[in-house]
Every structure is written in structure tokens, then in C-alpha cells.
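This report refers to the structure that appears directly beneath it.
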Amino acid sequence: MLRALAALFALVPLLWALPAGAQSGVTYCVGGYEGTPPNVVAACDQPAVRAMHAKWHFHDWVTNGRDCFACYDEQDNTCITKFVNNSQGVWQRGNGYDCARLYGERHTAGLVVEHVINGEHVTPPAPPPQMQLEARVERISPGPYTAGDKVTVVGAVRDESGALRRILGGTFRVTDASGQSTEHKGTVQPDGTVSAGFSLPPSDAARIEFIPEAPPLGQNETLRSAASEAQRLKVEVCGFRARVVQPTEHEALVAGQSVPLSARLFDAAGQVPVASPPAGLSLEFTVQVDGETPQVLRADSTLSATWTPPASPKSRQVRLSAGGRAGERVVCPVGEVSATVSDLGLGFDTSELPGACYVGLPCQGTVRLLRPEPGPARQQVDALLADPKVEARMVDTGDERYRGPPRPDDRYTFSATYSEPGNVSWSIVFQTPRGPVSMPAHEVRVRPPLKLELPAELDFGTVAAGSSVTTACQKLDFSGSQGAEEHRWELRAEGLGGCQSRPVLRFLNALGQADTRGLEPSLGIEALDPKDRRLDICLEVPRCAGEVSPDSAVLRVVPLTSEFKAQEKTVRLRWKVEGQGFLGCHGAWVWPVLGLLGFGLVIAGFTQPARFPPGASIRVAGSERGMRQSAAILLQACPGSSPGFYRDARLGLHGDGEVNGRTRNAVILLKATRGSGVLLTGLGPLEQQDRRTLQWEPVADLAQGHVPSPSVLYRAGGTYFKVEL
């Protein structure tokens, strides 16, 4: 940056030496800027410079081959016809997007390189006194409001004198009653303010703050606060809605002449008319004229009022709405009605004028002259325009396109084909016996035509199935195109029938995180980055299966600017996906599942085998008489009574009366069963005593497993025992 500034200051003497005698109309300004083209705040548009010019607009970028500057003139072509053409090749036209790519962001909005008025160099003014700038919420569309209503807000930065400072943008922060905040990015308006529209949150109150992108500050300037003072809104529940029905949309009003205002009442949805106003209805009209303080006028019982528009030598916009209360219920507006006001009652509808045109292509737009509604004001306007002394002039950037009587159909069409890029200014002036009436100048950007050049194909190569989406990416490169960054686009993937792979757009989202979007059925692209006119197209591949792209797989790239839709391009898509075997495909879950299954089997091997019931015991003796004196032995207390790995607990009863975990050569086996039971098994013989006859009987089901009865005495050879549960 320092080297660039040094080169700039070395060039200034050469510029001052350019031949420039006092020539009427030779007026222009060349200077630095703040920001990244094309959205910048320019030195030649600062208040000190703008105050010297009744008409002033950005005309074009100029470059000396080492740097870029913004050139302003008085809505004529002197930036080119005088400054560039008289520079003997030192200066040429520039392109804002090229400036952004080659030189990036600049911070020279306080630097004026060349400022000429009527052929005379302007002496730089003395530095102004210390001054504070302030961010403001300039306007909020009138209420009352209910949750979900869409409001329009306007923010600005002004100095202590009220002069507007142009800024690069700004954000509106909306905080509800709970303290939760949302931010809404605004759009810079032609007058340098920032506007946004959004819906109110579901809350009973809201605070709105404007946070501007910091304007370039001189050494004598400070920004009072990073955000504006909060504007508080009360959010209520609408019982009714009111719509302004007079004046009508786009109606032309005469300054100084009384205007009837009228409204109609509707239900809370704004759809069904209310036949009779409810008791206690109090309705007010809010009238906002550009540049004036809003006026509030109380309506009478017929929902009407009168208003006298202020003096307006130039046509100005008027916004009207109606709202109020009906007892405990509020009456919310149904939007705003926009009209125009001027001293002569003439307005201009510029809605059919273009914002941009292209070199070599017809550029056309129509302005509709607005007259007052039928009545005395209309009669005066009709008589005025019928006066043979009235003359209409259509001016295109200093060149007169039409001079003659007013058109009988009140329609004035601009039509031109421009050979060079730049900014043109369209205006209409009516010369009348009562003075001139002029349409505010309408700016049209004249841009180079689109010339779309794209690669014939995107080949993603061979990709392994299951690869990350970032593995196979290709650049859709617009850098060989002319003007591609100035247009909106539609990307549409086609011919993918039967494919599992899908092309996606990879980008950074608003949080700065990598994200993707599919291209089916289509995806809209609002703008290309002028510093990198390439898009990342990546391939989402199947997890397991292999495939080869079909010949029909293409990406259609469609410009959304109507003049260039015929330049639609088709880009062939190629890829090959190598499939994976079962383990290669499913290994990511198979091995963990097998591991978990194995672990579960191990755990089950120790937890599933049956255990002896905690209270189960056995009494053992060498004779029937000895059983009366034998002590009960808990089975769980016997050595070796614990279960094994996938083995139920078991004990062996031996001929010597021992009960332990050794089962080999045991007389009888005691085996734990699921359900807290015990089975007796073995080869026998085993007998049980009949309690009634006291006779011994063989146990017939010993081989299959006999369930012992707690009251039964058993005998195995010379060993007697009882099992108690």
C-alpha cells in the first residue's frame, strides 16, 4: 500500500500539469476509495466534494496501469471525454472487478487526485473542525405491529450538521423481550442509506439497532458509537387492519393543495372488510415525505382526514399508512401507499427503467408521467401541459435525446445502444411558465456483455467408493469469461439416471464453515467472487458400489440475465468409482459389531450360568438316625460351588459324605438350574423314602435330572441326605 501511495503522489504533479484552461463544463473528480470494488465509498463522493456540485454521480473506473481510481462527473461524460482523452494515454477506462482482483481493498477515501470545475483545478478545502459521526435508525415503517409483521427499516450515518455519510453497508440487530437477538444484513440504497426488511419476532417487544460498516474517517472525525441508539417497538396482537385507499398508489399530489386521506378497516388478516367500525375506534394516518418529519393526522368517524403537502420544487416520494386502536384491540396497517408530491403536481413512475444495460445491446426503458387524480388539481396540470410554451427534454448523460411538446400518452421512452461501459444518467425536464420540473436522475450501469467460456468437461477421475466428498473436486472455472461475476447463475445436473454418485457445490457458508448443496433439480448462484471466479464442484460417491458415469451426465450452466440466456453451456461430467468388497465396504461397522458381540459373549459366559439359590442347603449323614443330628450345609458355601464359563454351578456328593466341586466319582451330582432350582443327576442308584410307608423306592428319573423335594429323605448306597430350598 505504501508503495502504491508513493507512486500516486509522484503522479499528482503530472496531473496538475495537464492542459486545462477555464472551460465551461470541464468538470470531474478522480480519487481513491474505501472498500473493494464495485461497492466502495469514494473520495470524490465525500460531503466536502459533493457540496460543490448540483449534479454528481460516479461515472466510471479509471486506471494508470498501476492503480485504480473512481471518477465522478456532473452526469455527463467528462470523465472520459475530458479527463481520460486529454491525458495523452496516461489514463484509461478501468473495470471495477479487475480493480478488485488486481489491487484488492483500498483505504484511500480521503485522497482526491484530481478535482476540476469548469476547467479550473480546485484548491483542496481546509480541514473541517473536529466532528463526530453518528449511526441512526432513520426510519421504521409505521405501526402498530404484531408478531410476524414485516417491517422496513432504514439506517444511516450522519455528521453533526445532519449531512449523510455514504457507507459500504450495515446490519440491523433485533432483540426480543427475552434478550435473544437476530441480525439482518441491509442493502445500500442510491442515497447512501441502508435498508432491510424482516419479520418481527414472536415477542411482546423488540429493540432495533443499526450497526454500520464503519465509514472512512478523516483525522478530524470519530464515530460516536459502533451501533445506533436502540429503537423500541411494542409488539401487540392485531384486532383489525387498516388500508389507505386515498390517495392511491403512485398518485401525483400538488404541493400546497389539500389532499383527502381515506382508509378502510379489515379483519385481523387484512382480508375481510369490516362493515361498521367498532366502538371506541381511534385511527391515525402517518404521512412521511422524503426529507420531512413524519406527520400524524387523526381520522374522523368516517376514517378520513385532510393533509396539505409541503412545497416540493422537485418531485418527492410520500408514504402513507393508517393504524390505531379499537378499545383494547390495536389496528395495524396493511403496508404503506406510495405517492409523489411536487409544486406542479407532476410525478414520475420509473419502475420500468433498467438498472443495468450492456455494451452493444439495445438499452431501453420507459418513464410514465404521473398526473393528479380527476379534480381541480388535475385540471390545472392538464392545462399547464397543454400550454404550447411547455417543453419536455429527455437527457441521457448530458446528451439531449428529445426536445418537444409533452407526449400525449405521458410515456417517455429512453432507447440507446452504448459502445463503452460506464454509468449513464437518464433524466426528464419539463420547462413550464411556472418553472422547471425535473425527474430525479436515474442511473443505469452500462457493463461489458457477457462472454461465457467454461471447460468442456469436469473429470473427477477414479474415486474409491466411500471416499469423502472433498476427495473428488474440480474447479468450474469462469475466469476465461467476460463479465461472469456480474450475473446470477443456475447450475443444473442432468442425465444422472441410474447413478448413485451426485455432483454437489462446495462452498463456505455464512459462518465460514465448509458446506455443500446438491445440483438437482437446480441450484441458484447469486454472485461469483470477483477475486476468484471459480466454483468447487465435488462428487458424492456411493459407500460401497462401483460405477462409471454415463455419457448423458452433464452440468448445465445457465445465465439468469435474460439478455444472455442463449449462452447456456453444457459441461460433460466424468468419473469412475471403484467398488469395495464386503469388509472394505462394511468393515467400519462389521469389526466393531463383532468386537461388541465377542465382548458380550464373554460377559454372558460368566453371567448366564445358573447359580445355587442363596438359601439352598444339604444335610448329609451315614445313617437314617444320624440325619436327625446332621447340620445343614449351604450349597454356595461348599468348595467349588461357583459356576464356570458357560457352566452351571454343580457339586458332587461323595460316598464319604463330602460335598464339593469335584464331580468325578461322585455318588450324586447336584446341579443348579435357571429359576433358582436344583437338580439331582448321576448314575445312581438313588432311592427315596416314602413318607407314609417308610419304604425305600428307586428314583426313576435320575438320569434325566430329578427335582428333589425338601421333605424327602434320599439314600445313595450308605449315604443319606436331604436337599432343602
Side-chain angles (χ1 to χ4, degrees), residues 1-20 22-23 25-87 90-94 96 99 103 105-129 131 133 157 159 161 163-168 192 214-221 422-423:
M1 174 64 74
L2 291 177
R3 289 196 298 270
L5 289 178
L8 174 64
F9 286 120
L11 180 65
V12 170
L14 172 62
L15 294 175
W16 282 83
L18 289 174
Q23 304 174 52
V26 182
T27 299
Y28 50 80
C29 176
V30 180
Y33 55 83
E34 176 85 8
T36 303
N39 299 314
V40 300
V41 173
C44 293
D45 198 37
Q46 297 293 6
V49 177
R50 180 172 282 274
M52 301 180 187
H53 304 277
K55 296 182 178 180
W56 204 230
H57 82 150
F58 167 72
H59 188 84
D60 208 351
W61 301 94
V62 294
T63 177
N64 56 15
R66 295 185 296 275
D67 215 330
C68 279
F69 297 91
C71 185
Y72 279 67
D73 58 30
E74 292 189 329
Q75 297 177 16
D76 52 27
N77 202 26
T78 51
C79 272
I80 305 305
T81 60
K82 303 302 180 184
F83 176 71
V84 171
N85 291 353
N86 293 342
S87 72
V90 175
W91 293 94
Q92 298 85 36
R93 280 180 180 269
C99 292
Y103 309 112
E105 188 174 4
R106 283 290 187 266
H107 301 277
T108 55
L111 180 63
V112 175
V113 177
E114 182 85 349
H115 189 188
V116 172
I117 297 180
N118 289 333
E120 298 290 341
H121 291 282
V122 177
T123 302
M131 184 174 292
L133 306 181
V157 171
D159 63 22
S161 68
L164 189 67
R165 292 296 301 271
R166 293 180 182 268
I167 53 180
L168 297 175
L217 301 176
Q219 293 182 352
N220 63 312
E221 296 176 329
N423 272 24

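None of the values given here were measured: they were computed from a predicted structure. Atom set for the values below is all heavy atoms of this structure, side chains included, hydrogens, waters and symmetry mates excluded.
Counting heavy atoms from C-beta on, the side chains of Cys29 and Val112 come closer than 4.5 Å. Using a 4.5 Å heavy-atom cutoff, the side chains of Met52 and Val122 are in contact. Taking 4.5 Å as the limit, every side-chain heavy atom of Thr27 sits out of range of all side-chain heavy atoms of Asp73. A heavy-atom distance below 4.5 Å is found between the side chains of Val30 and Cys71. Looking only at side-chain heavy atoms (C-beta outward), His53 and Ile117 come within less than 4.5 Å of each other. Under the 4.5 Å side-chain criterion, counting only non-hydrogen atoms from C-beta, Ile80 is in contact with Arg93.
Contact record, Ala54 with Glu74: N-OE2, 4.3 Å, taken as the closest heavy-atom pair. Nearest heavy atoms, Cys44 versus Gly31: SG-N, 3.5 Å. The shortest non-hydrogen separation linking Gln75 to Trp56 is NE2-N, 4.0 Å. Here the closest heavy-atom approach between residue Asp159 and residue Ser161 is recorded as OD1-OG, 2.7 Å. Counting all heavy atoms, side chain and backbone alike, Tyr103 lies closest to Cys68 at CE1-SG, 3.5 Å. Taking each heavy atom of Pro37 and Val40 in turn, the nearest pair found is N-CG1, 3.6 Å.
With no hydrogens or angles considered, no side-chain donor-acceptor pair links His57 and Asn423 at under 3.5 Å. No hydrogens or angles considered: nothing links the side chains of Gln46 and Arg166 as a donor-acceptor pair under 3.5 Å.
Note that CG of Asp76 is 9.0 Å distant from NZ of Lys55, once rounded to the nearest 0.5 Å. Remark: Thr36 OG1 to Glu105 CD distance equals 4.5 Å, nearest 0.5 Å. The distance from the CD atom of Gln92 to the OG1 atom of Thr63 is 6.5 Å, given to the nearest 0.5 Å.
Under a 3.5 Å cut-off, the side chain of Trp61 and the backbone N or O of Gly422 do not form any donor-acceptor pair. A donor-acceptor pair is defined here as one N or O able to donate and one able to accept, closer than 3.5 Å; such a pair exists between the side chain of Thr108 and the backbone of Tyr33. Of the possible polar contacts, none joining the Asn77 side chain to the Thr81 backbone as a donor-acceptor pair under 3.5 Å is found.
Between Phe69 and Trp91, the ring planes lie perpendicular to each other; the angle is over 60°, past the 30° to 60° tilted range.
The residues Asp45 and Arg50 are annotated as salt-bridged, a charged nitrogen and a carboxylate oxygen being separated by less than 4.0 angstrom.
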Please determine whether side chain to side chain contact (heavy atoms under 4.5 Å, CB included) holds for the pair Thr78 and Val26, giving the CA-CA distance in whole Å, both sets of side-chain angles, and the decisive distance to 0.1 Å.
CA-CA 6 Å; Thr78 51; Val26 182; 5.6 Å; no

In sequence, state the C-alpha distance, the side-chain angles, and the governing distance for Tyr72 and His59, and then conclude on side chain to side chain contact (heavy atoms under 4.5 Å, CB included).
CA-CA 5 Å; Tyr72 279 67; His59 188 84; over 6 Å; no

